[in-house]
Novice: 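Here it is, the structure, as structure tokens.
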Amino acid sequence: MPELPEVERATALIRSVACDHTEFAKELTGRSVVDAARYGKVFYIKLDGEGRAPVLHFGMTGMLQVKGQLPTYYRKTPKTASSDWPPRFMKAFILHLKNEATGGISELAFLDARRLGRIRLCASPLTEPPISTLGFDPILSMPVLTDFQTAVLRRSCPIKALLLDQSFSAGVGNWVADEILYHAGVHPERRCNTLAPFEVQKLHEQTQYVCKTAVAVNADDTKFPENWLFKHRWGKGKKKHTLLLPSGEPATIKWVTVGGRTSAYVAELQQVTGGINESEDPPSVNQSDSDSDLTPLEEEEEITIVAIKAKRTRKVGYLAIKFLAGVLNNNVLPECRHCYALQASN
């Protein structure tokens with residue numbers, strides 16, 4: 001059992017790798033934001049000049065809020081949502097964006113009620129942890145079917161657990177995994193090495209389809225197709241749903257725990273022993289391989305960070321940011337792309 005000397009060694013290690021508010025501020029001050037990008041559930045901000053880039057992760061409850069707007073909630077925005085400023089659950093920073101041409105300012109806050117968001121400064125985000133430890137991204141780096149099939153069939157764990165493994169498929173979380181399995185007609189408890197080739201093909205297609213479809217509507221679940229499980233899965237049976245089978249009959253949604261997570265599935269379509277007719281042709285997904293959820297900044301636009309003030313607590317790991325690319329590129333006033341300050345609440 002570790003005792004005083006070992007624990008002291010651990011605290012020294014944390015100090016050596018932790019990013020405190022002064023270091024974070026110093027690293028960003030005076031640099032221009034040239035782009036924002038995503039890989040899996042991780043976001044990072046590309047800055048010009050010398051220095052490291054912020055690499056951010058959402059945690060459980062992280063979200064962004066632009067001053068004067070409601071925050072970008074996971075699922076629907078509650079009635080209690082407020083545009084008060086500074087936001088109640090602002091735990092990390094407020095980023096001030098200033099347009100060099102007009103002098104206009106927009107403020108972007110990171111909210112995290114449970115304080116599970118994480119931040120790391122990286123010299124090369126794509127080649128350093130956490131991104132370097134992740135598996136394929138369903139939109140940015142989906143493997144070809146043969147490689148995907150090999151990776152799936154050599155495992156014996158439940159397919160739901162594999163999809164949740166970020167070292168396998170980066171960015172796939174609980175509801176996305178359930179949606180993929182529902183459309184593929186595969187039960188979440190099916191063992192990977194028991195899947196037939198046509199089932200693996202469906203999983204390959206539906207992994208791309210679900211992610212691309214959700215991204216195409218900017219993750220606005222009110223715009224998800226009505227036949228998606230997402231629209232009917234919540235409440236674990238306490239709320240009446242209207243999901244129908246292809247026959248027009250009501251679907252039976254059930255729940256089971258797989259990989260430590262509650263999994264929703266449709267009993268008539270997803271059977272643990274494999275209930276899909278192998279003679280059926282796998283559905284095709286008319287999605288372009290060039291589709292991307294990242295909207296690049298215009299070449300002539302810049303965001304410059306002039307001053308930063310952050311919360312006086314140490315942050316180890318990655319601080320989460322939700323839809324960062326979308327917010328910076330689309331939602332934080334197109335004419336306001338000059339970044340000058342980062343501040344925090346008490």
Novice: Where the side chain of Q166 meets the backbone of L164, is there a donor-acceptor pair that is under 3.5 Å apart?
Specialist: yes
Novice: I'd like to know if the side chain of K231 and the backbone of D221 have a donor-acceptor N/O pair within less than 3.5 Å.
Specialist: yes
Novice: Between Y209 and L195, is there a shared hydrophobic cluster once you connect ILVMFWY residues whose side-chain heavy atoms come closer than 4.5 Å?
Specialist: yes
Novice: Indicate the ring-plane relationship of W228 and W175, choosing parallel, tilted or perpendicular according to the 30° and 60° boundaries.
Specialist: tilted
Novice: Distance-only, no hydrogens or angles: does the H204 side chain make a donor-acceptor pair with backbone N or O of P143 under 3.5 Å?
Specialist: yes
Novice: If you round to the nearest 0.5 Å, how far is OG of S169 from CG of L203?
Specialist: 10.5 Å
Novice: Examine L126 and V42 and state if one hydrophobic cluster contains both, with Ile, Leu, Val, Met, Phe, Trp and Tyr joined whenever side-chain heavy atoms are less than 4.5 Å apart.
Specialist: yes
Novice: Group every Ile, Leu, Val, Met, Phe, Trp and Tyr by side-chain heavy-atom contacts under 4.5 Å, then state whether F136 and V172 land in the same group.
Specialist: yes
Novice: In this structure, would M142 and L163 fall into the same cluster of hydrophobic residues linked by side-chain contacts under 4.5 Å?
Specialist: yes
Novice: Quick one: closest heavy-atom pair of L229 and E179, and the distance?
Specialist: N-OE2, 2.8 Å
Novice: Is any side-chain heavy atom of L56 closer than 4.5 Å to a side-chain heavy atom of I45?
Specialist: yes
Novice: When you measure from the side chain of E268 to the backbone of T252, do you find a donor-acceptor pair of N or O atoms at a distance under 3.5 Å?
Specialist: yes
Novice: Quick one: does any side-chain atom of Q270 pair with a main-chain N or O of G185 as donor and acceptor, under 3.5 Å?
Specialist: no
Novice: Can you get from I253 to L245 by hopping between Ile, Leu, Val, Met, Phe, Trp and Tyr side chains that sit under 4.5 Å apart?
Specialist: yes
Novice: With side chain to side chain donor-acceptor pair (under 3.5 Å) as the rule and sequence neighbours excluded, what pairs involving residues 138-150 come up?
Specialist: Y39-S141
Novice: Where the side chain of E27 meets the backbone of A53, is there a donor-acceptor pair that is under 3.5 Å apart?
Specialist: no
Novice: Ignoring hydrogens and geometry, is there a side-chain-to-backbone donor-acceptor pair from R38 to G40 under 3.5 Å?
Specialist: yes
Novice: Is any side-chain heavy atom of L181 closer than 4.5 Å to a side-chain heavy atom of R190?
Specialist: no
Novice: What pair of heavy atoms forms the shortest contact from A161 to G259, and how long is it?
Specialist: CB-CA, 4.3 Å
Novice: Answer yes or no: is there a side-chain heavy-atom contact under 4.5 Å between N174 and K160?
Specialist: yes
Novice: Look at the side chain of D178 and the backbone N and O of A264, then say whether any donor-acceptor pair between them is shorter than 3.5 Å.
Specialist: yes
Novice: Parallel, tilted or perpendicular: which describes the rings of W234 and F230, with under 30° parallel and over 60° perpendicular?
Specialist: perpendicular
Novice: I'd like to know if the side chain of T133 and the backbone of P130 have a donor-acceptor N/O pair within less than 3.5 Å.
Specialist: yes
Novice: Given side chains that start at C-beta, do those of Y265 and W255 come closer than 4.5 Å, heavy atoms only?
Specialist: no
Novice: Passes side-chain contact (heavy atoms from CB on, under 4.5 Å), E23 versus R52? Steps please.
Specialist: CA-CA 11 Å; E23 181 183 2; R52 295 168 292 176; 2.5 Å; yes
Novice: Between V256 and S263, is there a side-chain heavy-atom distance shorter than 4.5 Å?
Specialist: yes
Novice: Out of curiosity, E189 CD to Q271 CD, how far, rounded to the nearest 0.5 Å?
Specialist: 13.0 Å
Novice: Which heavy atom of P125 sits nearest a heavy atom of I131, and at what distance?
Specialist: O-CB, 3.4 Å
Novice: Which pair of non-hydrogen atoms, one from E226 and one from H232, has the smallest distance, and what is that distance?
Specialist: O-NE2, 2.9 Å
Novice: Less than 4.5 Å apart, side chain to side chain, heavy atoms only: is that true for V217 and T222?
Specialist: no
Novice: Between R120 and P129, is there a donor-acceptor pair closer than 3.5 Å when you use the side chain of the first and the backbone of the second?
Specialist: yes
Novice: Quick one: are P246 and L269 in side-chain contact, heavy atoms under 4.5 Å?
Specialist: yes
Novice: Check step by step if side-chain contact (heavy atoms from CB on, under 4.5 Å) holds for R155 and F168.
Specialist: CA-CA 11 Å; R155 268 111 167 164; F168 175 75; 4.0 Å; yes
Novice: Can you name the nearest heavy-atom pair linking G49 to R31, along with the distance?
Specialist: O-NH2, 3.8 Å
Novice: N193 and S156: which non-hydrogen atoms are nearest, and at how many Å?
Specialist: ND2-CB, 3.5 Å
Novice: Would you check if P158 and R191 make a side-chain contact, meaning some heavy-atom pair closer than 4.5 Å?
Specialist: yes
Novice: Might you work through the side-chain contact (heavy atoms from CB on, under 4.5 Å) test for L28 and L121, ending with a clear yes or no?
Specialist: CA-CA 10 Å; L28 272 65; L121 293 171; 4.3 Å; yes
